[in-house]
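Report on the structure given below.
A note on names: the letters A, B, ... follow the listed sequences, proteins ahead of strands, and every chain is numbered from 1. Values reported hereafter were calculated over all heavy atoms of this structure, with side chains retained and with hydrogens, waters and symmetry mates removed.
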Protein chains: 2
Amino acid sequence: MVDAIDIELIRFLKDNSRLSFADLGRKINLSPSAVRDRVQKMEDLGIIQKYGITIDNKKLGYDLEAFILLKIFPGQLKHILEIIKDFPEVKEAHRITGSQNIHLKVVLKNQIALQKLLDQLMVFGDTNTFLILSEI
Amino acid sequence: MVDAIDIELIRFLKDNSRLSFADLGRKINLSPSAVRDRVQKMEDLGIIQKYGITIDNKKLGYDLEAFILLKIFPGQLKHILEIIKDFPEVKEAHRITGSQNIHLKVVLKNQIALQKLLDQLMVFGDTNTFLILSEI
DNA sequence: ATTGAAACACCTCAATT
DNA sequence: AATTGAGGTGTTTCAAT
């Protein structure tokens, strides 16, 4: 289904998703067409889900990043699952195990924006916020 | 520094980083050269940090994803900061505020792999693990 | 900062191995 | 599955505005 060459392709695309099929082929000694077939196969199988970019949010004026754990109040879970991705500040949302049921990664301009977001989230459950100091 | 057109370009590239400059130009009515100059400017400024892909780890046999909060033992922080990214299971690592100082996102084949990872991390601090049930 | 044009590279598809 | 070759498209560079 996926062989060692596919894993190599994934490795190079993870590092730079804008590499051309020709460039990828040169790196692993394969023709552009063969590379194309393999990449398309992985797209069709849903192994490659998306080609994206990483942005430096600080440089765009979003100086605050945080993880928020939510312990949703009884009966509110279905509702919050429907609306959580409509918050533009929420970049990632996961359901998790434990006494807290939702894990968010949020990006914000400043503490005031965080406060406003927490005010909104408080309606649905108890919040536990961890500010991100740096990437490692 | 960055104007509304740059933000538009970022928006399209976030959705599909393999779009050609010509395609991007068609979407926002700009010449390929102009698009290229703007994108390169954002790369040079470090606003665009990386072109990457999103992988469906489950389809590659990595069925387990988790967040791990670490409360590092006194004197161990410097050491773990140096080695944490050498763990192949660790996909993201952040320093955070709170009584726990490090937040990890890890991807694993199964519970046994998680157990082995936790055994290694226990040396440096107390661990608190949240399994990821699903993305929202 | 943007446009336009020419040379070059790349992508795609079909035929072939 | 991979390669090859051909036609169409995209990219790059540079001069001009």
Side-chain angles (χ1 to χ4, degrees), chain A residues 1-63 88 91 107-110, chain B residues 1-63 88-89 91 107-110 113:
Chain A
M1 195 150 164
V2 297
D3 60 15
I5 296 174
D6 290 329
I7 301 294
E8 279 288 278
L9 286 174
I10 288 175
R11 200 167 61 79
F12 282 115
L13 284 172
K14 260 187 186 166
D15 191 52
N16 181 6
S17 62
R18 281 184 75 88
L19 285 172
S20 68
F21 297 138
D23 278 338
L24 287 166
R26 276 186 281 274
K27 284 176 186 293
I28 62 175
N29 291 321
L30 219 60
S31 70
S33 304
V35 172
R36 184 181 183 274
D37 288 348
R38 283 173 174 273
V39 171
Q40 197 155 64
K41 178 198 67 184
M42 290 194 283
E43 290 174 5
D44 293 344
L45 291 173
I47 294 169
I48 296 176
Q49 292 179 317
K50 195 169 183 114
Y51 298 92
I53 57 174
T54 309
I55 292 298
D56 186 337
N57 290 302
K58 286 201 194 344
K59 294 200 169 142
L60 293 182
Y62 292 84
D63 289 321
K91 301 302 172 187
V107 175
L108 304 141
K109 294 227 182 208
N110 48 44
Chain B
M1 196 149 162
V2 298
D3 59 14
I5 296 173
D6 291 328
I7 301 295
E8 279 289 277
L9 287 174
I10 288 175
R11 199 166 62 79
F12 283 116
L13 284 171
K14 261 188 185 165
D15 191 53
N16 180 4
S17 62
R18 281 184 75 88
L19 285 173
S20 69
F21 298 135
D23 277 340
L24 287 166
R26 275 188 280 274
K27 285 175 185 293
I28 61 175
N29 292 318
L30 217 61
S31 72
S33 304
V35 172
R36 185 180 183 276
D37 287 350
R38 283 171 175 276
V39 171
Q40 197 156 63
K41 178 198 67 184
M42 291 194 282
E43 291 173 5
D44 293 343
L45 291 173
I47 294 169
I48 296 176
Q49 292 180 318
K50 197 170 183 116
Y51 298 92
I53 56 174
T54 309
I55 292 298
D56 186 337
N57 290 301
K58 285 201 193 348
K59 294 198 168 144
L60 293 180
Y62 292 84
D63 288 321
E89 304 93 342
K91 301 303 173 188
V107 175
L108 305 141
K109 294 228 181 210
N110 48 44

Counting side-chain heavy atoms from CB outward, which of [options] is closest to [X]?
X	options	answer
Ser20(B)	dC13(C), dG10(D), dA1(D)	dG10(D)
Ala34(B)	dT3(C), dT11(D), dA2(D)	dT3(C)
Leu30(B)	dT12(D), dG10(D), dT3(C)	dT3(C)
Arg38(B)	dT2(C), dT12(D), dC13(C)	dT2(C)
Ser31(A)	dG10(D), dT4(D), dC10(C)	dT4(D)
Ala22(B)	dT13(D), dG10(D), dT3(C)	dG10(D)
Arg36(B)	dT13(D), dT3(C), dT3(D)	dT13(D)

(Q) I'd like to know whether OH of Tyr62(B) has more than 12 heavy-atom contacts from other residues, nucleotides or ligands below 6.0 angstrom. (A)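 Counting other residues, nucleotides and ligands, OH of Tyr62(B) stays at 12 neighbours or fewer.
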Q: Decide yes or no, distance alone: a donor-acceptor N/O pair under 3.5 angstrom between the base of dT12(C) and the side-chain of Ser33(A).
A: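 No, no donor-acceptor pair under 3.5 Å.
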Whole Å only: how far is the [atom1] atom of [X] from the [atom2] atom of [N]?
X	N	atom1	atom2	result
Phe21(A)	dC13(C)	CZ	C1'	14 Å
Arg26(A)	dT3(D)	CZ	C1'	16 Å
Leu19(A)	dC10(C)	CG	C1'	13 Å
Leu24(B)	dT12(D)	CG	P	12 Å

(Q) One pair to check against side chain to side chain contact (heavy atoms under 4.5 Å, CB included): Leu9(B) and Met42(B). What are the steps and the verdict? (A) CA-CA 10 Å; Leu9(B) 287 174; Met42(B) 291 194 282; 4.1 Å; yes
Q. Toward the 5' end of DNA chain C, which comes first, Ile5(B) or Arg18(B), by nearest nucleotide?
A. Ile5(B)
Q: Check every strand shown and say whether Asp37(A) touches a base, only sugar-phosphate, or nothing at a heavy-atom separation below 4.0 Å.
A: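 Answer is nothing: Asp37(A) stays at 4.0 Å or more from every strand.
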Q.
Between Lys41(A) and Pro32(A), which residue's closest nucleotide on DNA chain D lies nearer the 5′ terminus?
A.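 Whichever sits nearer the 5' end wins; that is Lys41(A).
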Q. Which pair of heavy atoms, one from Leu19(A) and one from Arg18(B), lies closest together, and at what distance?
A.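 Nearest pair, atom of Leu19(A) first, then Arg18(B): O-NH1, 3.0 Å.
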Q) When you measure from the side chain of Lys50(B) to the backbone N and O of Asn16(A), does any donor-acceptor pair fall under 3.5 Å? A)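 No; judged by distance alone, with no hydrogens or angles, the pair does not exist.
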Q) Under 3.5 Å, side chain of Lys14(B) to main-chain N/O of Thr54(A), donor-acceptor pair present? A) no
